[in-house]
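Throughout, a chain's letter reflects where its sequence line sits, starting with A, and its residues are numbered from 1.
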Amino acid sequence: MISLHKTIENKWRKKWDESKIFESNPDDREKLFLTVAYPYPSGAMHIGHGRTYTVPDVYARFKRMQGKNVLFPMAWHVTGAPVIGIAKRIQRQDPWTLNIYQNVHKVPEDELNKFEEPEYIVKYFSTEYHNVMDSLGFSIDWRREFRTTDPTYQKFVEWQIKQLKNKDYVKKGSHPVKYCVSCENPVGDHDLLEGEGIGINELTLMKFKIDDMYLVTATFRPETIYGATNVWLNPDVEYVKAKVEDEYWLISKKSYNNLSNQKKVEIIEDIEAKPLIGRMVQNIVTQEEHPILPASFVDAEYGTGVVFSVPGHAPADNIALQDLKKDEKLIKEYSLEEVLKDLKSRNVVSLEGYGDFPAEELIEKLGVKNQNDEKLQEATNELYKQEHAKGVMSEHIPIYAGQRVSEVRDVISEKLRNEKKASQMYDFAERPIICRCGNKCVVKILDDQWFMRYSDEKWTKETQNTFDKIEIIPSEVRSNFNYYVGWLHDWACSRRIGLGTRIPWDNKWLIEPLTDSTIYMSYYTIAKYLRNIDPESLNDAFFSKVFLNQDSDDIKVDESLVSQIQTEFNYWYPLDWRLSAKDLIGNHLTFHVFHHTAIFPEDKRPQGIVVFGMGLLEGNKMSSSKGNVILLEDAINTHGADVVRLFLMSSAEPWQDFDWREKEVKGTKRRLEWFVDFANKVSKINNRNLSFKNIKKDIEVKSFINKWMLSQLNQRVKESGEALEVFQTRKALQNGLFLLKKDVDHYLHRIGDDIDDEVAMVLGIVLETWLRLLAPFTPHTCEELWEKYGGEGFISMATYPEFDDSLFDEKVQKSEEIVQGIIDDIHEIKKIVSNEPEKIHLYLAPEWKWSVFDIAREIGKPDIGQIMGKSIKENVHSDKKEIADFAKKISREMTRINYVGHLNEKEILDDAIDYISGEVSAEIIIHEDADYDPENKARNAIPYKPAIYME
RNA sequence: AGGAGUAUGGCGAAGCCUGGUUAAACGCGGCAGACUUAAGAUCUGUUGCAUUAGUUGCUGCAUGGGUUCAAAUCCCAUUGCUCCUACCA
């Protein structure tokens, strides 16, 4: 069964398609070019994606209705590694992967088999994405669609990276990665069985001289070398003598596995730890001699399997030393008595609130019993954190005395490394890290790796300049961008595995997927031409001509075609808006500005960025891998495309996290149904067929409430349009749908059955305007109603409503507020008195009170003295005491009621008297003066708030 | 650990930039009434506490302090949460 919404949606999709109204070509109109980050289609599209792509569609439709020539294109980012992993897992029938793809992404059985081919996965899902985007009614120019593995696109990517290389923004370097030795590949988080999200830490290796070797210790805190008292070896661990460059290092045998992936290390021989215990080593930083002592807590696998001991500042070292001093058997075994006697903690770092040896204090405070106590970890974390954040190098430390630990740590490490007194290695922050193949991962340093030099000072500075001119929505994230522009290190831009384009000058590397996606928005402008050109003729000369207008004899494409292509690029560029999710601020979005800045002249650089929030499902984070998603296709089938669009646009602003709640989605659906009902009601109201073509808009509206309705309509039009201008889809709908509906409800309630020609006309105008207001959000429904009631052409191409100043009247709005306020107050009082009055007397404020209000407004501030003074001076009222009392009272009132000037309350209330009377079920009597006032209520009257007496 | 953002009523969320129009829009949920055989839908009212002639008083916008005649709004500190920190794009 095909539901009603499906029929309408299909009908309009077909009509849009046939009429080609969303295919944008250069013309005389002003252009608007916006793009949203193209999807990486490795799974089915869910409602989170729905929001991401609906925002630009709404904006594109809005701007198109405002008369702009809008280009909204879409493409598929299929370069990268994840699908390779997925394909492998499908190949070996990994149950978890099969389950996700069958049940979450809902891939049919016969398709799933083909997923052993990574290219097929992206092909399958990009086709599905395209279809779902169509079902949501996106106004995309599909002639420009491409995949990033298209040969023509690859030519473009090659051109861009060569441009950067020529500018010296690409360099060679080395880089640590998680690596699986058995797969012989770097691994990402999605390739891991265990250890997701764990980072790689940099450790400083400190050398202690012994014989012809160095005992090489690993530490996070190189500054504590000045507090070293001894070196720990674990007697139960196997150690080796290893050759590193021209030195001999003593390290644990297990650490070799990791270290050998980072340095050239060669094992010379096994070394037994026990004979070394009790011997002395030389601290080559301080030249002091330290003993080697035994400790069981030393992990053979972590770092080098050797650590130096700082009992003053490391709780583990401290407690190990205490343990050792108590262990007579060990002391005897290694004859450590003499050595231990002289061994005392040393201070390195001064920390407020602690004495010289914080490690000791903390052990005592937390009651850590021995080196196997669980609380030891807590003590260590606490102290490391504190000393890094607040610690200062103590006065007796050479060179660094008085400097902050957080500033000096890296300086010390770097200096010692330069002097060859220290070295460096990487290790995981936690262990173990296990690859999906079941083997432990290591940290491998890939040398020969290519980098984008985002740390380059000149490039950074120019990029910052570009950013200063870019409009950023929401403005809060600008500081984040500024931070990233300055902070970005050189970015490893070459990869070993994945789909993608090879680095033209170094074929063993692929260009990393974020690097191949930085300036592709320019590619959209010309993509429709390139698909018909032989990729081999798309050489550098071609792109340099099109994008940079550089002439060359090497261009292999027909000259007139090149010129046409170039004209099209120049028409659409620069990009007006770039939309993307907030997790891409620190990489993609920033890269995109970096690369534009490097390659394009100033007038072709990005103009605006909109950053999106995340999606939640019933309050929980959406995640395909956890199965917590609703597929867009399902949502569209259940609720209809317009309802999905409407909900996604109305429940949160684009940059906020939105929450898909089934209950509220249903509420949204009812709202849209109400709107359709309203349209039908309006069409029947005048007992003849409504036609937008015949609405007479030039009749002068006489009745108050009709004026009010049109004024409200115009206010909503204004606010809605202004909000949408800056991508506030929620605010735009809040005004353009929900508040306007409230107004219309009130209006319908107010006019009751009293429908004359004027009312019919007003309702016609309201409906006609309202449809155009909502067309960017719910295009299918609006097209259908537009056609049904005789709108001209497509509503998608109709004019977006403009604010009509002549129909906007603040005083009319205020008047209705007064009427409503009286009704509310009467209800309030009735509730308290709890008996039904027959007559209600309303007393209007006397003339002099209005004068005082006018004076107060002139003064602008709630300054009682001034108001009083001026009122008395101008002699607005004979009774000065009354003026004084009144002035006191209104100081607060003034700011509260939003005084818009003198209104004729008598007229307003006369007009509304039947309505008020009906609402409160009593006779209403209006008094301009207190001719009948048995309980002396009339004096309570103030402007906009008549006094009330009930009997 | 570092960076950025954020914190509002039963829930979601406006308001904060530009302090007084804020017991705080709008939606969801709750309650009452109308319609209906009934349910649902729809419409009307209500939804911090107190209050039987008034449009009021009290409490209140993470916590603690400050600025001001006046603070949800400005400043400082603290705490919680979210995102990013490099082979996921």
Side-chain angles (χ1 to χ4, degrees), chain A residues 37-40 42 77 79-82 85 175-179 185-191 199-201 381 384-385 388-389 406 429 446 474-484 487-492 494-498 510 512-514 517 581-588 613-614 619 621 650-653 655-659 661 663-664 666-668 670-671 673-674 677 730-731 733-735 738-739 742 745 748-749 821-822 824-835 861-863 891-899 919 935 937 940 942 945 947-950:
Chain A
Y38 49 18
Y40 181 82
S42 63
H77 192 203
T79 41
H175 183 62
V177 293
K178 287 178 193 163
Y179 190 86
N185 267 324
V187 290
D189 268 352
H190 56 279
D191 298 316
I200 294 173
N201 288 332
N381 289 345
Y384 277 30
K385 205 159 96 181
H388 179 256
S406 56
L446 296 179
S475 54
E476 293 93 289
V477 302
R478 182 180 289 280
S479 50
N480 212 184
F481 275 113
N482 290 341
Y483 171 77
Y484 275 111
W487 173 86
L488 271 183
H489 309 328
D490 292 344
W491 179 268
S494 52
R495 291 293 131 96
R496 284 296 196 197
I497 43 170
L510 286 156
E512 173 272 337
L514 285 164
S517 310
K582 70 175 168 193
D583 51 347
L584 297 181
I585 290 174
N587 47 51
H588 165 71
M614 307 273 153
K621 201 178 157 179
S650 68
S651 70
E653 300 293 6
W655 42 92
Q656 297 171 324
D657 296 349
F658 77 94
D659 192 359
R661 291 165 179 246
K663 249 184 184 161
E664 304 209 8
K666 283 185 183 146
T668 307
R670 287 201 296 268
R671 210 44 33 96
E673 284 164 358
W674 176 93
D677 284 349
R730 177 187 153 88
K731 191 172 180 188
L733 279 171
Q734 210 48 240
N735 281 281
F738 299 100
L739 293 176
K742 238 178 121 91
D745 277 339
L748 293 174
H749 184 62
I822 289 170
D824 289 347
D825 286 345
I826 292 172
H827 279 309
E828 179 88 3
I829 298 164
K830 272 169 74 174
K831 207 171 73 186
I832 296 168
V833 224
S834 74
N835 64 349
K861 296 179 293 201
D863 183 330
S891 63
R892 182 146 171 252
E893 209 66 26
M894 277 297 288
T895 46
R896 176 183 279 189
I897 60 172
N898 185 23
Y899 185 65
E919 287 298 298
E935 287 192 30
K937 297 289 179 195
N940 290 326
I942 58 174
K945 267 194 179 299
I948 300 164
Y949 171 62
M950 309 193 329

J.: For the pair made of CD in A:Glu673 and P in B:G40, what is the distance, rounded to whole Å?
T.: 17 Å
J.: So does A:Gly613 get a backbone contact from the side chain of A:Gln656, meaning a donor-acceptor N/O pair under 3.5 Å?
T.: no
J.: Does A:Asn587 reach a base, just sugar-phosphate, or nothing at all? Heavy atoms under 4.0 Å.
T.: base
J.: Any chance you could list the contact pattern along nucleotides 1-12 of chain B? Use B for base contacts, S for sugar-phosphate-only contacts and - for none, protein heavy atoms under 4.0 Å, 5' to 3'.
T.: S-SSSS----SS
J.: Check the distance between B:U85's P and A:Ile200's CD1 and give it to me in whole angstrom.
T.: 13 Å
J.: Starting from C1' on B:U56, measure out to CD1 on A:Ile948 and report it in whole angstrom.
T.: 14 Å
J.: Nucleotide by nucleotide, 5' to 3', does protein get under 4.0 Å of the base (B), only the sugar-phosphate (S), or neither (-) in nucleotides 70-80 of chain B, counting heavy atoms?
T.: -----------
J.: Should the ring pair A:Trp487 and A:Tyr483 be called parallel, tilted or perpendicular, given that the plane angle runs from 0 to 90° and is split at 30 and 60?
T.: parallel
J.: Toss me the dot-bracket line for RNA chain B: Watson-Crick and G-U wobble, both under 3.5 Å, 5' to 3', using | for pairs to another strand and [ ] for crossers.
T.: ((((((((.[[[..)....(.....]]]((((((.......))))))(((.....)))...[[[[[..)....]]]]])))))))....
J.: Take the protein atom NZ of A:Lys582 and the nucleotide atom P of B:U85, then report the distance between them rounded to whole Å.
T.: 13 Å
J.: Which is true for A:Lys742 with a 4.0 Å heavy-atom rule: it touches a base, it touches only sugar-phosphate, or it touches nothing?
T.: sugar-phosphate
J.: A:Asp825 side chain: which of B:U82, B:A86, B:U55 is closest?
T.: B:U55
